[in-house]
Structure formats: C-alpha cells, structure tokens
Amino acid sequence: MGLDYENDGALHAKLIEDVLSQYPDKAAKRRKKHLSVATSKDEAGGEDKGLSECDVKSNIKSIPGVMTIRGCAYAGSKGVVWGPVKDMVHISHGPVGCGQYSWSQRRNYYVGTTGIDTFVTMQFTSDFQEKDIVFGGDKKLEKIIDEIEDLFPLSGGISVQSECPIGLIGDDIEAVSRKKAKEHEKTIVPVRCEGFRGVSQSLGHHIANDAIRDWVFDKDDVAFESGPYDVNVVGDYNIGGDAWASRILLEEIGLRVVGNWSGDATLAEIERAPKAKLNLIHCYRSMNYICRHMEEKYGIAWMEYNFFGPSQIEASLRNIAKHFGPEIEEKTEKVIAKYRPLVDAVIAKYQPRLEGRTVMLYVGGLRPRHVITAYEDLAMVIVGTGYEFAHNDDYQRTGHYVKNGTLIYDDVTGYELEKFIEGIRPDLVGSGIKEKYPVQKMGIPFRQMHSWDYSGPYHGYDGFAIFARDMDLAINNPVWGLYRAPWKKMKDAPLRAVAAE
Amino acid sequence: MGLDYENDGALHAKLIEDVLSQYPDKAAKRRKKHLSVATSKDEAGGEDKGLSECDVKSNIKSIPGVMTIRGCAYAGSKGVVWGPVKDMVHISHGPVGCGQYSWSQRRNYYVGTTGIDTFVTMQFTSDFQEKDIVFGGDKKLEKIIDEIEDLFPLSGGISVQSECPIGLIGDDIEAVSRKKAKEHEKTIVPVRCEGFRGVSQSLGHHIANDAIRDWVFDKDDVAFESGPYDVNVVGDYNIGGDAWASRILLEEIGLRVVGNWSGDATLAEIERAPKAKLNLIHCYRSMNYICRHMEEKYGIAWMEYNFFGPSQIEASLRNIAKHFGPEIEEKTEKVIAKYRPLVDAVIAKYQPRLEGRTVMLYVGGLRPRHVITAYEDLAMVIVGTGYEFAHNDDYQRTGHYVKNGTLIYDDVTGYELEKFIEGIRPDLVGSGIKEKYPVQKMGIPFRQMHSWDYSGPYHGYDGFAIFARDMDLAINNPVWGLYRAPWKKMKDAPLRAVAAE
Amino acid sequence: MVRILRKIKSAAVNPLKSSQPLGAAFAFLGVEGAMPLFHGSQGCTSFALVLFVRHFKEAIPLQTTAMDEVATILGGADHLEEAILNLKTRTKPKLIGVCTTALVETRGEDCASDIANVKLKHAEELAGTEVVLANTPDFGGAIEEGWAKAVAAMIEGITRSGARTRQPKKIAILPGCNLTVADVEHLRDMVESFGLKPVILPDVSGSLDGTVPDRWVTTTYGGTSVEEIRELGTAAQCIVIGEHMRHPAKTLHGLTGVPYAVFQSLTGLKAVDRFVSLLSAVSGAAVPARVRRRRAQLEDALLDGHFHFGGKRIAIAAEPDQLYQLATFFTGMGCEIAAAVTTTDMSKILQKVPADWVQIGDLGDLEVLAAGADLLVTHSHGRQASRRLGIPLMRVGFPIFDRLGSQHKLTILYRGTRDLIFDVANIFQANQHAPTPEALDPFRKREMPDELRSSPLTRH
Amino acid sequence: MVRILRKIKSAAVNPLKSSQPLGAAFAFLGVEGAMPLFHGSQGCTSFALVLFVRHFKEAIPLQTTAMDEVATILGGADHLEEAILNLKTRTKPKLIGVCTTALVETRGEDCASDIANVKLKHAEELAGTEVVLANTPDFGGAIEEGWAKAVAAMIEGITRSGARTRQPKKIAILPGCNLTVADVEHLRDMVESFGLKPVILPDVSGSLDGTVPDRWVTTTYGGTSVEEIRELGTAAQCIVIGEHMRHPAKTLHGLTGVPYAVFQSLTGLKAVDRFVSLLSAVSGAAVPARVRRRRAQLEDALLDGHFHFGGKRIAIAAEPDQLYQLATFFTGMGCEIAAAVTTTDMSKILQKVPADWVQIGDLGDLEVLAAGADLLVTHSHGRQASRRLGIPLMRVGFPIFDRLGSQHKLTILYRGTRDLIFDVANIFQANQHAPTPEALDPFRKREMPDELRSSPLTRH
C-alpha cells in the first residue's frame, strides 16, 4: 500500500507568508522559523534521508500572550510518563489547580481495582494552602505519605510530582522521600517537574525519565527470570487500549512483553526492565532518554516501531523480527499473512468512502508522523502536519513520512492554525480537544488524535479497523451536509422561502 | 392499641345533603342510597353486630355519563384474579385496547424469569382486526395458542380472557380451549369475562372463580404430599410483596403455605389447593366464591384475616392459631412477642408525627375496612370510607371497623368525592390513581391504596413499618407547606412584595 | 425502497399499539370545555382513564355510556342519550366528543343517527354544547387514526363551511398526536414571533400542561375553543404536522378552501428551515433574532452531538409519523436504523422511513429485531426489553408512565432538535464501555454481532 | 446549628475543588471582547483551557504570560508586559483580565504595580483596552472566590464611581458562578418581562452558550460590555445571586451607592416568590401571566414530584453557594441531607445549609460519608464513587465533561426548579428496585444500613 501524491507547496508557502504578515516584525521573525513546506520528494524505503527543509526550528520557548497548546514539565511527567503507572499513587504536590485541571485528561486504560491496587483515574494532591507556601510543605508531604500508606496499603509506591511553588519555597522533597521510603519500605520517587522548567511538557518527559533512572533502577534485587525474547514496550501509554492491541501482535510473533511503559504498567515492570533483551520504543520523544540510558548502562538495544496502519505494522514487525532471527521472522510472516484478509476487508470497505480526502494533523509526541501512513493506507492525503513540542530530531524523522509540498508547523498558535485550515480547507483535521470546537465550527470534520476521541485502540490490526471506521464516521457524518462556513452563511441564509412539501 | 374517637356525623350528613341537592331528582334518589353516615358506636370485640345504617345500597349499575372509577368484568378476571398467576400466559382476547390499557397497572410481584417461565408483566392479545369481528376469531385463537406454545414452551398453561366483542360474535372459545388443551397437553382456561357483564369488576371476580372451579380443579391427578398445617392464602395479590410479608408470619407460627392465590402463584398451587386444611381469605370480595365452593365440595374451612397493622395482625394470628390448637397458639404468642419491640419502635417514631391526623379512604376490595385499624394503630382518625364495587356483605363487615359519624360512600362519583373532600379537608386521602392528581391539586396529601404508590408491602409487621413511614412521608412532606388551595390562592397571591434578605 | 413487512404472528406479544378511541379522546382533550365520552362498557373508560392519568399525571375528564348486559342486547342508544343529557346537566361542557368502542361497533350501531336523534329531540336542552362523533372501533387503526378522526369530526361538525374572508395573519395548525405539550407551546411561540396568529387544533398545551387550575373543573380547561374551531375557515393558511393530519386538513380545505401545507416532521435542521421559511413567506416578516439564535445553537449542538451518533444502530418502535420523525432525526445524525417497528400499515409515511424495512408488529418483534442495537426507542413498555437486551431505552410516545415531565420535553423545531441531540448523546455517554484486553482480539470481535442475535423471544 | 467540620486528611484524594484563577477566568469570559490572561507558566493555562473546553465544548479564549525558568528567577513583570502588548496588538480585546497563579503569588510579585506601570508606559497603545487584575493564588479559595474577585476587580477598575442619576428601570444583576448559561438567559427574560432593563455581570449566556459565531473571533463574543460595566452606577437596584457575590455588590455600593439585595438561592418556590415580589415592587408592574403560569406549572411539579423525594437521603459535594442552593432544594422536597461536602470554610452561607454538618473536604470524603445515600450530587469526577457505591449520580457544578448540554440545564426560577424536580425524580425512578422475598425479613432489613457503611476508602 502507500500512496503517491504531491501537495500544493506554492499554496502552502503563500499561507505561511500571509500568516506572518500579520505579526509585528520581531514576532514574525521568530515564528518564521517554525513554519515550513516540505520540498524534497519522499523516497520509499530511504533510511536516513530526511527532508532538507523539514527541519523547522523547534523546542523554543513560547511567546507571552501568544497561546499555544503546549503544556509544562509537570504535564510531561505527571500527565504523560508517571501518571499511567497504575499501582503507584502520584501526588500532585502543591496547590490543587494542576491536579484538578489534568485529572482524567488522558485515557490510559488499565486493568485493576481502582482505589485498592490501582489508582490511575484517581487524583491525589497536597492541596497547598497559604501556610504551606509560607512555612514550607515538607511536613505536610510526610503526613500525606503516611495517610496514603494507611488508606491504600496495597499501593506499590508513591511519586511526588512537583508543582511550580515547590521549586521556589526550598522544600526538600528528596529528603522526605528517602526518609519515608525507608520507613514504609516502599519506593517513593520525588520528581522535580515544576511547570516553569523548560519550554513545554518535553522537559518533563526528560525529568521523569531521569527519575526512573535515579529512583527506581537498581534499588532492589529484582527476582525475575528473564528469557531470550523479552522485550519492553516503551512509550506506549495504552490510550484507548493501544498497548493491549500492540502486545497481542508482539506475542503472536513469539516475543514476551515483560514491561509496557507506562500504559497499564506496574512499578515492578519498570524495575525489571533492565533485564529485557530489547527496548521497543513507540513514543520516541517522551522516552528516548531512558532507552539511551539502558543502552549505555545495561547494553539493551532499542528500536523504534510504528503500529499505525498495515504498511507500518508490517514493516515494523519485520524489522523487529530481524533482530531476533529466522524463527521469529518466520512466525512474523505467518502473522502478517493471517491478518491480511482483515486488512483487505477494512480497506475494501472504507477506501471508497475516504479516498483522496485531505487531512491536516497537529498533535504531540510521535503521531504527527506515525499516523500519516495509516491515513495513506486508506488512500487519504496528508496536506499538513506539525508537533506541539517536538525537537529537531522529531522533524528529521518526519521527513521520511511526508510528501512534497506538505505544510509543516511547529508549536502553532490558534491564529496560525486557523488561517492554515481556512486556506486549505482539508476534509479532516486531527488534533487535540482545544482545537476541536473551533475547527468544527468552521464546518470541518475533526478527530482528536491524542485521546482517539473516546475510541480506540488505533494500534495494531484491530486498531486499524477502528481507525478506519472512526475517520469514516467523522468525515461522512450527514451533519456536514447541513453546514456551511458560518462567515459565509449570513449572506444567503437564513432560509430562503422554500415551499413546504 | 386502637383509638376512641367519634366523627362529626352532623357535618357529614350535611355534606351528603349538599351533594344530592345538585342532582336532578331521579339521580338524587338513586345516589342517596349509596351515601350514609355511620351512626351506632362500634363495640370493640363485638362479633356480629354491624352498624345499623352502614348497609348502604351497593353493587348497583352505574349511571351513563356519570363516571365512577369502576372497572368491568374483564378487569376483575384478567386484572385481578387471573393476571398474577405467573406461569400462565393470559391472552386478552379481542381488540388491543383492553390489554394495552391495563398492562402493568397492578404491581403483582413475583419471582421468576420473565419471558421464560413467568409472564406476569408481559401482555398478550389477539389484537382483533375488522375481519376477526366479521368472520369470528376462533381460528385466530387456535393459531395464537400454537404460537404461544412455540414461543414459550415453559409456560404452565394459558387463559383466554374474553373482551366485549367475543360475547357478541358467537365465538366458541370453550371448544377451542378444549381442543388445544388436548393437543398440547396443557391447561387452557376460557373465561367469559366480557366487559359488559355485571356492573363492575366484581362479576369478573365471580366468573374467574368459577373458571377455576370448572377448568382447573379435579382435572389432573395432583401429586402432592399434604400435611396437617397446610393452608392456602386466598385473595392476596402480592401487591408490592404483601403476600411474601404475610407468608413469613404464617410460617413463623408453624403453618405451611401451600398456595398463594394469586400473587406470585403458579398454576400448580391452584391445582393442589383442595388438599389444604384451611383457606385463609384476605380479599373476601374477589375470592369468597371459590372458598365457599371448596368448603362445600372438599370440606375445607375458610377464615378471613387482616394483616394490616399490629392490632389486626395479632388478632388474626390468634384467631388462625386457635383453629390449629395449642401448639400453634403457643408459637403464635412467641411470634407476637418477638415483634412487639419492632411495633413499639415504629409507633414511637411515627405516632408523634401522625396522631390525630384525619384520613378519608376510597378503594376497592377489602381495604376500605381492613386498613382502618392500621391507621388507628398510629393514632390517626378515619373520617370517611367507601368501596368501588362492594356488595352489601362488605358494608356489613365495615360496621365493625368504623367509628360513629364516619361518612360512608359507595361507588362514589368524582364530583361527590371532591365535595366530600372539600367539606372535610382531611389530612390524607387514600384512594386510586384516578383520584390522586385532583386531590393533590386541592392541597391534600394522598397515597394510592391500591398499588401502595410504588411502595409496599403493607401486610405484616414489616409492612406496618413501611406503611407508617409512607403515611408520614405523604403527610409531612414540606411541599404542603408551600401550597394553598388554588381557589383561595388567587385572592392574596401573587407574591406580596416581600423584601429580599 | 423501504419494504413494509406484515405482521409475523397472529398474537401480539407486548403490544406497541394503543387503540383508536384513546387517540380520539386524546384529541378531544385538546379542546376547551370538552368532555370525551366513550360509548361502550364502563371498563374501557376506566382503563383508558387510568392510562391517561398515569401518562399525564393530571386529572383527566373522560366519560362513559356505561353499556351493561341489557344495553348490549337491546342496543346502546338509550345509554348514549342518557349519558349526553347527564353530562350536559352536570358539567355543561362546550363539546361532547363521542368515541365509539369495539362493543357498539361490533353491534354495528348507527351512532351517527343516534346522536342526530338526541340532538333533534333535545335541541333546546343541548344548546351551547356541540356533540361530535368519531367512529373509532378498537379493532382498527391506532392512536394516530383515532386522533385524526376526532379532529376531522370536529371540523366537519363544527367549522362553518363555505368560502370566508381570509384573515391574512391567521394560521390554522393541525398538529399530530406525537407532539408533546411543550412542543405545542413552543410551536405557538414560534409562529407568534412572526406576528402571526396561530389557531392550534387540538391544543393540548392548555389542557394537559401540568398547571393547577384556579377552580375545580370537570371538563378540560384550556385548549382550542369551540368558537375557534367554528371560525377555522377564515385562516389564511393551514399547516399540518404529521402525515396523519393530512385527512383533517383536506376536510378543512374541502369545507372552506383553506390551503394547507403538510410537514411530515418538524424535527431536524432542514425541516425546521422549511417551516421557518414558510412562516416568513406567509407573514412577510424577517426571521426574528431569537429564532436565528436558536438555529445557531442547534448548529452547535449538531457539531457537538454528531460525534456520539455516528455509526450507532437504533431500534425504534412507534406510530408511523413518530417513527418517521425519529428515524429521520437519527439518520440525519449519522445513525443507522437497525429496526423499525410500527403499529399499522395504513400510513403513507412509512414509505419514507429511512430504513430497509418497517415491521408491522409489537414490542416482542422489536425485542427480536433490536438485538445488537445501541439504543431502543419506544414507550415505557419497552423497559423490559431494554433490561433483557442490555440496551438503553429512550422513552417516546404513549404511554410514558414511569418518568416525570415527558410532556415537557421538546422534540420539534430548532430547540427541540437540540434537546433531542443532548438527550440521546447523554444516553450514549452514560452507557459507554471501555474495552478490555480480552475484547481486542480482532477476529473474535468480528464474530460477535451474530452471536448477540438471540433473545428469550427468538425461538421461532 | 450546622457544624462545619475541618478537613479530615492532609491529602486531597479526588479533590472536589478547582482553583481560584479558573474561577476568575470564568468570570472574565462573561464579558464581551475579553481575554483572560493567566500570569504564570504556560502549563496552567493549557490545562485550565483544556478543562474549560471539555466542560463548555466551545472555543475558549485564554492566554498565558508563559513564565519560564528565567522569569521565575528574575520576576514576571516583563512577561506580563509582553503578554499584554502582544494581546493588544493581535486580538484588540476590550478587556484583559489578569489572573495570578501560584507561581507569581509564591514569588510575592506586586502585579498591581506591574500592571499600573504597563498602563502608564503604554497608555496610548492600550487605549480602548481595560486591564484589570484578580489576585487569585491557587493556594487559597476555589472557583467561587476567584469568580467573585474578578467581578469585584472589574467593578473597581472599570465602573465610574460617585453618585449618579439612577435609571429607574435599570437593574444590575451579579449572578454567582453556579448559574448555567440557560439560567442567565432565563433570568434576563424574567427581569425583562417586568419591563426592567437588566445588566448582568458576568453574562456567560452571550459568550459560552453554544452558538456558532458568524466570524472567527479570538476573544469572547457576547457577554457584558465594558461600557455596561462602566455605567453600572446608574442602576436603580443591584440584585445579587449567591452569597459569594455579596462582596462585589458591596464594592459597587461603596463606589456608587447602588443598593443591593442578596438572594442566596433562586431555586425553590419561596425564593423565587421573593425574587418576583422584588421585581414587581421595583418595576411597579404586575406579575405577567407567563410568569404566573410557570409558577402554576411548578406547583404542579411539586405535587407530582414530592412523592419521589420524600425520605430520600442525598449526598452533595459542591462549592458553598451551590451546596446551599441544592441542599435547600432537596430538603424542601422532603429529602434529608445525608452528607454535605464543600471546598472551603470561607463562606458564611455554610451556616445556613440544612444539614447537621458540612465537611470541608474532597470526593474521597464524599465517598465515605455518602454510603447508604440514595443520590450523589457533584461534578463529573463523582462518577467513580457513584459506580463503586452503586448510588446514582446527578452531575452539577464544574467540571461536567462527560455529558452534553449541561450549560442548557435550567436550575433557577420557577421553571428551573421544575426541571430539577423532573430530573431528580427520573433518576430515582430509573433506579428503583422491587423488593425480593429475601429482603423482607423486618429484622434483618433494619440491621443493614450500618453494614453498608464501608467502602474502599474507609479504612481509616
């Protein structure tokens, strides 16, 4: 599968120009570096060759008064990396706001008894009051840890996720964590992910990775019998069951998934990770740090993969299998063959309804590139894509995915995104909840590509069937037929006098 | 317990006079016979002495254009007697109206898997069309019986409940029933309860009783090992679980309830009834016919009892026990003693909230008399009562219950009832759904005394606690404090200018 | 092309349908000072009354000729006469609406002449009271037919015939029986906002709307007045809502020449746009800001809601026009009609239902056909099928006795469509189930839908 | 006398509370052409924005000063200045509402002077744009406090002070944050029906009401205009809804002398009667027929509904004024408040809550205290407690992200009270359980309530 098409690079360049012309000079200069049009044609199978002009400037701090959709370090640590570790209690340490705001924003599915041995969808905060700010919160943190031990004795451990004030008031959460870990004989992980650190959630990922390295690895003797086909899946947060759909495939080709970071994960899975044979990394952006560390320290190789859509699934499975040799490779071919009729059926059903429909993406993590081929497997066309908080290596990786002329935007503002959408008027926008309602009000179908809009999984073969159905439901819903762009509507509407039947 | 009070007979006589003065002479003369004031003081424990003027004229046909709340023979048979027999399919035979109207109007609770072996809350009709009227419905009935056998093989039998047209078009449902009963080896009971027969649902009861006699008894060899303490509870329809609450008590005093007619009953319970030692009759009106028949034919004694409120429960239990001798009598005293603390607790809690509150009743069956003492056990006062479809023997039985001066009304019209309520303005009216909303709109608390208003049971000790709570909830709900009689409201309302706080 | 499937069984198991006289009585209840009178045994009246009361939670005027055994043999004319006279004397109604039942229709009584005789014999006594007759045997039609017959009977019996001077702002509206009290209120408000003067027949919003009257009344209070019915012929335009009201509109047209427009549904953006356009054209007035605003709110609801509807499978059992109204609403939001069951095959609207087939049948049929659906849509008696199938139930139609406020739900025009979207989307949201790892095997999952297709009622 | 119980734990487990800046931003969103600006790291803004969007399902304008590590060390004044100027240039708002967050408040920044400096320095540039400040550290108060502070800040910063000529028909209304969009719309309609001219501050009905604007706008569209805020002092009367709005009303009174009346709740027949009386007195107009009719409909709903409420045990967790509003509603219908949990002990209204005690706490506390109740009443995060306890949940307050149309639910005045009655009665009806023979043993039954009082969270 795959698709050959080229986007209208000239139009896209013009759109960038238009957008920039509205800014004051200084801001225009700054924003210009974040916007680009892909110019070199993608060569299928090319390994290292990125798009020359795809390296937009990225990971640069946001501009005050120009709201983007980025989060903060706390979001990266608590919201992304640590939050899904299901048998730990994660304390949002500081005032109540951060924890309440972010509660249940991500659909990290899990198996377990919530409130007994599992805590993902619960929310814990130290709810700082003025006195805690003035006199410091360490004593309170100690009490809270004791309370949690008392209320939730079956929790596997605790993490302390620092909010902004912690970094300012001189609290020593590391000392508290060490003391209480000893007292309760439990893992307690202090994380210095105050929101003012870094330029987006991205630094929070890094800090969270480092906390795993410093406060989890090599702490206890891990009783774990490792085998030759043990792999860790790293950076799959099990949104809508993604990790489960992926695990099925990996096990079918003969591997043993001994850890899934961090969707549906236990602390034990993280502790034993260094005993695995290979790290399979899904979300490169949020978890590459710990993989690099494990490679350095324990000699564990790591490999990226992509389980969105059959083309990438097949390529990734084969790539993974190659690492383990002929026996696994053989099984892999059988698995691929087994699912082909399913894939054919899905494509036969949905391609006629989706072919040639254009898509703009704006998401975080790896999705701005990874999902592209899944759309193309359905003969859809990606006209633009961009990341919320990518680094340059993300954009280099993107080059392999995008076609010539594709519009690329980094850390885009609401204004820019709206102008691009208005200029291109794609058939579908895939982005986040913040963009959902403005885009829909423009009369353009939308899917949330962080949370799968309460659907999912989208990984694996099963996920592809769901993905295809969801895109069809979004694009072909009859309400779009009722709808005209509101700024055009007022002229001829309302309601010409049509004779009643 | 019990209560000594006298009602304002003069006021009540005046109300009757006022009401009658509004009628044309002929109608006034007819209606006069249905309205009365009890004049002789009730003597506690008096066995046979009814109230001399309590024998209002009753069981007389209704007047066209003067709607009462009476039903018809079909209502008495299908709605009351046969409908609750849970393992039978009861076909409302004729057009769709009757069955659909009456569907789930009574809350006959049961245990069983609806649609598999139990059918009480389902509704079956032959849904006559014009052609069935013209050409007769016997063929259709045969097909329907076959379909039911096919769809519901675990049904224990079928009854055919005739609607009005059946009696006019000359169908021979008896022949169909005989034929199909033989064919399917199942009990099939034709019931000639066309709505035009009789003056109320009462004749339907009689017809339904006769159908049991003619189409169920003595049909098969009943394999049943009878014992010395076997009793049938007859005429308890298990509204809100009443029969269950009664059975607990009877079993506690050492009896075995081998049949409960017809709440939660199976066909087998009816078939084996002639093997019991005693028939305990709750709803005298609807089931006395079959008890008299069993007395005549099988020599089974029958006895009325009353399980509403502790005074009557105790008296009834002792009366029943006397029939079985010292052993049962001893147990009975233990049971009464066991429950006394519960009774005391209920009365201690609710009497202060209910004492002296006045009640008017208008119900069917036995309740216009039987529930009186339950109210009096809570120190409440019955100022008026009446029956929908009573016969003279009902009113004679009522004499033992009511106090001097109590207003008595038979088959009352909406107009009369409203005038009485307006004149007396009781603290509570207990009647049916048809009366509920007009009475409430008068600003008077109301409870449904047919269906227990989705509550219950009211029988037995447990039922007394629920009864007391329900009356308290109805009378003491704060909304009555907000409410003034609407015809008075408009004068001083709306809404004097009251300064806001 | 939708196929209309005949009844599967001779029996009705858990019938969907209520019978005709009830529909006729319901329509008479929408007239001020009216008293519906069932001509039959008193049981029918008592039962129907209870059902009305349970549905509306109001005092309902309904009377009976109380046919007894003797009358059944000798004929009911005397009972009818006595009932009419007693009613006149005691409650002084402005309208007595006679609805026949199976009993007198089976006897083949000529109630029309009976009534004509009564009127003749007691002309003076009955002055100020109209008596009209709807022939509504229980063994034909259902609520829609009864409702429409009663309206046609009132127009035939009361409306002054002949060409009249048209009042340009006066609009006659004949709503179907599937409109709630809130719908009728809202409809009037909408029409008035164009400066038009609607006369709605029947108007249940006045009579069954949950108010507390300021005095004890034994007939209906509120509703269309007899005088308004008499003067219907001066309307500039008649608007009909629901296919079943075409016949009364034709009757009016035949008598008085008032032109009519039929709206088969007023639910959904397009249908309402058409209606609003007509009002704008008839009145010559621009669409008021308030209406435009509601339209914008509906647009937003369509956007917010469509997401929850897409791909959902809906099983509906309702009278024909309500079936059409709801089925088009659901398919307009991206749903599929998994099952459509209705009461009778007499309505032309069935041909337009956006489904592969429409089954004439009962709730037993619905229960079989709905297996695997995401939502059941029918009246309160669908609650057991809902429980057995594990599929949520949206209550519509008649009767709804186990919820409060069903008459205050809006289902038409921009706002009613919006409310429907919210209601349904919230049912879906309340019944969402997260996947489990076990449910994810793609092959197993795809075999499931068929397995689901069995229920306690499917064994034929 | 109600006892106010202090927090049980140091931790908050499933917090009930949202923090102050969100409340302030919410209030600013009720002003036309406004842009709320969080002064802090961009994460707060992003998170709060997402939560707003999930609740309202609308595009929400919200901006950030994007404090980074350097600004955290050196101070945020430059970021604040840059943000204000960028906003002014790009979106030309009529109002920038600065809400401080924990970050700048912990640093002890003097944002008031910072803003004064910016205004001074860029007076010309900023002409036509008001900038007001609400000091709303996350570590104090909750939504109510933030909302009230923002309103007070707008009055202090914008309203022209000094005694003014009163316009006799003009009424200033300061609604609490517990009113929905539908409530505000309905409130305006009610006040206007007396011939009065309401100015509602904030007015979220214009800005968060689910319409589709006719052009792309980056600030709020709709809402109170800045000009209206400036001229608040000419109102004849100020009406306050909710105890937390007393402070802004006092502020207005202090600046301009406008008298105020506080309605702690507008839910329930008596409270609405008082409100209607006041409107009648102020306007000199009789109560319109439409309002009387709604009152009658409410009376009827009270009758139909009370039966379902009597004796039910209700567990509520909400902000103080909403807790009072709902608790009085429920006890007025015959319920008992089994548990009352609220966010802070700062409100005087807590003394009036009709319960034995009010617990300051979280949803973890609610889950413990609600065991055995018939209904949970709190925001969407109560859904898990509801499932674990097997007690149905009625969603109120903020956030409600898993249902559509929550802003279109009416909760005040005659109609809103009626709707609440229907909603709750229907929840009860949907959750009725028939007794089983086993459940009937009177003694066993009476021992059960205590056994029920255990939950996963009670082990302390």
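Keep in mind that the numbers below use all heavy atoms, side chains included, and drop hydrogens, waters and symmetry copies. Lettering of chains follows the sequences in order, A, B, ..., and the numbering in each one begins at 1.
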Asks: Name the region of A/T121, side chain, backbone, both or neither, that has any atom closer than 4.5 Å to a heavy atom of chain D.
Replies: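 Contact with chain D involves both backbone and side-chain atoms of A/T121.
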
Asks: Which region of A/Y23, side chain (C-beta onward) or backbone (N, CA, C, O), has a non-hydrogen atom less than 4.5 Å from a non-hydrogen atom of chain D, or is it both or neither?
Replies: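 Contact with chain D involves the side chain of A/Y23 alone.
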
Asks: Where on D/L62 is there a heavy atom nearer than 4.5 Å to chain A: the side chain, the backbone, both, or neither?
Replies: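 Looking at D/L62, just its backbone touches chain A.
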
Asks: Tell me, out of A/Q22, A/E147, A/K143, who's got the most heavy-atom pairs with chain D below 4.5 Å.
Replies: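 Among A/Q22, A/E147, A/K143, the one with the most close pairs to chain D is A/E147.
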
Asks: Is D/F56 close to chain A through its backbone or its side chain, or both, or neither, when contacts mean heavy atoms under 4.5 Å?
Replies: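 Neither part.
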
Asks: By number, which residues in residues 98-106 of chain D have some heavy atom less than 4.5 Å away from chain A?
Replies: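 When heavy atoms of chain A are the reference, residues 98-106 of chain D contributes D/A102, D/L103, D/T106 within the under-4.5 Å range.
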
Asks: Name the region of D/I84, side chain, backbone, both or neither, that has any atom closer than 4.5 Å to a heavy atom of chain A.
Replies: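 It is neither, since no heavy atom gets under 4.5 Å.
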
Asks: By a 4.5 Å heavy-atom criterion (distance strictly below it), what part of D/Q384 contacts chain A: side chain, backbone, both, or neither?
Replies: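 Contact with chain A: side chain only.
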
Asks: Is it the backbone or the side chain of A/I133 that comes under 4.5 Å from a heavy atom of chain D, or both, or neither?
Replies: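 Just the side chain, heavy atoms under 4.5 Å.
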
Asks: Is D/K7 salt-bridged to A/D127, going by a charged N under 4.0 Å from an acidic O?
Replies: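 Salt bridge present between D/K7 and A/D127.
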
Asks: Against chain A, label D/P15 side chain, backbone, both or neither, depending on which of its atoms sit under 4.5 Å from a heavy atom there.
Replies: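 Contact with chain A involves both backbone and side-chain atoms of D/P15.
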
Asks: Count the heavy-atom pairs under 4.5 Å between each of A/Q201, A/E435, A/E194, A/Q129 and chain D, then report the option with the highest count.
Replies: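 Looking at each option in turn, the highest pair count goes to A/Q129.
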
Asks: Do A/Y74 and A/Q161 have side chains that approach each other closer than 4.5 Å (heavy atoms only, starting at C-beta)?
Replies: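 In short, these two side chains touch, coming nearer than 4.5 Å.
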
Asks: Measure distances from A/S102 to the heavy atoms of chain D and classify the residue's part below 4.5 Å as side chain, backbone, both or neither.
Replies: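 For A/S102, backbone and side chain are both near chain D.
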
Asks: Applying the side chain to side chain contact (heavy atoms under 4.5 Å, CB included) criterion to D/H39, which one of D/C111, D/C44, D/P21 satisfies it?
Replies: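 That would be D/C111.
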
Asks: Measuring only between side-chain heavy atoms, which start at C-beta, is D/K88 closer than 4.5 Å to D/E125?
Replies: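 Result no, sub-4.5 Å side-chain heavy-atom pair not found.
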
Asks: Any salt bridge between D/D68 and A/R197, counting N to O under 4.0 Å?
Replies: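 Salt bridge flag = no for A/R197 with D/D68.
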
Asks: Pick whichever of A/F124, A/W103, A/Y454 has the most heavy-atom pairs under 4.5 Å with chain D.
Replies: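 Greatest number of close heavy-atom pairs with chain D: A/W103.
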
Asks: Given side chains that start at C-beta, do those of D/S380 and D/R403 come closer than 4.5 Å, heavy atoms only?
Replies: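 D/S380 vs D/R403: side chains apart.
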
Asks: Test side-chain contact (heavy atoms from CB on, under 4.5 Å) on D/K149 and D/Q20 and set out the steps.
Replies: CA-CA 9 Å; D/K149 280 180 182 177; D/Q20 269 201 119; 3.0 Å; yes

Asks: In terms of heavy-atom pairs under 4.5 Å with chain D, which of A/T113, A/V96, A/V134, A/V199 leads?
Replies: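 Ranked by heavy-atom pairs under 4.5 Å with chain D, first place is A/V96.
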
Asks: Using non-hydrogen atoms only, which part of D/T89 is less than 4.5 Å away from chain A: side chain, backbone, both, or neither?
Replies: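 Contact with chain A is through the side chain of D/T89 alone.
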
Asks: Do NZ/NE/NH1/NH2 and the carboxylate oxygens of A/K436 and A/D453 come within less than 4.0 Å?
Replies: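 A salt bridge links A/K436 with A/D453.
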
Asks: Looking at A/R70 and A/D411, is there a salt bridge between them, counting it only when a charged N and a carboxylate O are closer than 4.0 Å?
Replies: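 Looking at A/R70 together with A/D411, the answer is yes, because their closest N to O distance falls below 4.0 Å.
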
Asks: I'd like to know if D/R54 and D/D402 make a salt bridge, using a cut-off of under 4.0 Å between side-chain N and carboxylate O.
Replies: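 Not counted as a salt bridge, because no side-chain N and carboxylate O are separated by less than 4.0 Å.
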
Asks: State, yes or no, whether a side-chain contact exists between D/F26 and D/I60 at a heavy-atom distance under 4.5 Å.
Replies: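 No, too far: nothing below the 4.5 Å cut-off.
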
Asks: Of all of A/S126, A/A73, A/A75, which one pairs up most often with chain D through heavy atoms under 4.5 Å apart?
Replies: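 Counting heavy-atom pairs under 4.5 Å, the top option is A/A75.
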
Asks: So does D/E367 pair up with D/R388, basic N to acidic O under 4.0 Å?
Replies: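 Salt bridge flag = yes for D/R388 with D/E367.
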
Asks: If I measure from the heavy atoms of chain A, does D/R383 come under 4.5 Å with its side chain, its backbone, both, or neither?
Replies: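 Interface part for D/R383: side chain.
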
Asks: Do D/D362 and D/K17 meet the salt-bridge criterion of a basic N to acidic O distance under 4.0 Å?
Replies: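 Salt bridge flag = no for D/D362 with D/K17.
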
Asks: Would you say the side chain of D/V118 lies within less than 4.5 Å of the side chain of D/E81, judging by non-hydrogen atoms?
Replies: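 A side-chain contact under 4.5 Å exists here.
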
